[in-house]
Amino acid sequence: MRVTEKGQVTIPKDIRDRLNIGPGSEVDFVADDRGARLIVVSGGKAQEPEDFESWLKSVSGTFDTGGMTTDEYMEWLRGPRDDLGPR
């Protein structure tokens with residue numbers, strides 16, 4: 001795939017179908033040590049799960065922090081906290 005001058009790429013149809021990405025879907029790109037990953041934030045075509053257990057099964061194994069703890073991931077995501085003074 002090529003990136004346009006505006007930084008746009010076309011997601012292949014088989015990937016869009018597999019991930020339920022459609023018009024109105026929100027996606028994000030996350031950089032890691034192997035390159036970048038496409039993360040579906042909300043799918044335009046996805047059906048709402050009937051209950052919490054169905055939702056939990058549908059997202060199980062889809063989020064990888066690369067071995068970081070929650071605190072390490074939050075600092076990576078947001079940057080170091082500057083509102084904490086010395087203890």
Side-chain angles (χ1 to χ4, degrees):
M1 239 164 275
R2 291 180 197 247
V3 178
T4 69
E5 291 209 15
K6 294 169 101 178
Q8 298 170 331
V9 295
T10 299
I11 303 168
K13 183 171 181 354
D14 59 325
I15 302 293
R16 293 191 317 261
D17 290 346
R18 181 175 176 189
L19 299 176
N20 289 323
I21 298 172
S25 295
E26 292 183 37
V27 298
D28 198 2
F29 291 92
V30 177
D32 63 19
D33 58 337
R34 294 185 284 175
R37 296 176 187 226
L38 171 72
I39 307 295
V40 179
V41 177
S42 69
K45 298 190 325 184
Q47 297 291 334
E48 290 292 320
E50 293 181 19
D51 57 32
F52 180 76
E53 292 299 322
S54 298
W55 173 82
L56 187 59
K57 281 184 179 181
S58 74
V59 298
S60 178
T62 60
F63 186 72
D64 179 13
T65 63
M68 290 185 272
T69 65
T70 301
D71 289 337
E72 291 168 334
Y73 180 76
M74 295 306 289
E75 184 169 333
W76 172 83
L77 184 66
R78 297 179 176 165
R81 291 186 64 174
D82 59 0
D83 62 334
L84 298 176
R87 294 180 188 204

Return each pair, listed once, that meets salt bridge (Lys or Arg N to Asp or Glu O under 4.0 Å) where at least one residue sits in residues 27-40; pairs must be two or more places apart or across chains.
-> Asp32-Arg37, Arg37-Asp64
Only one of Asp14, Leu38, Ile39 passes side chain to side chain contact (heavy atoms under 4.5 Å, CB included) with Leu19; say which it is.
-> Leu38
Identify the heavy atoms of Arg2 and Val9 that sit nearest to each other, and give their distance.
-> O-CG1, 4.0 Å
Shortest non-hydrogen contact from Gly67 toward Glu72 = O-OE1, 4.3 Å
Closest non-hydrogen contact found for Ile21 with Ile11 is CD1-CD1, 4.4 Å
Rounded to the nearest 0.5 Å, the OG1 atom of Thr65 sits from the CE atom of Met74 at a distance of 12.0 Å
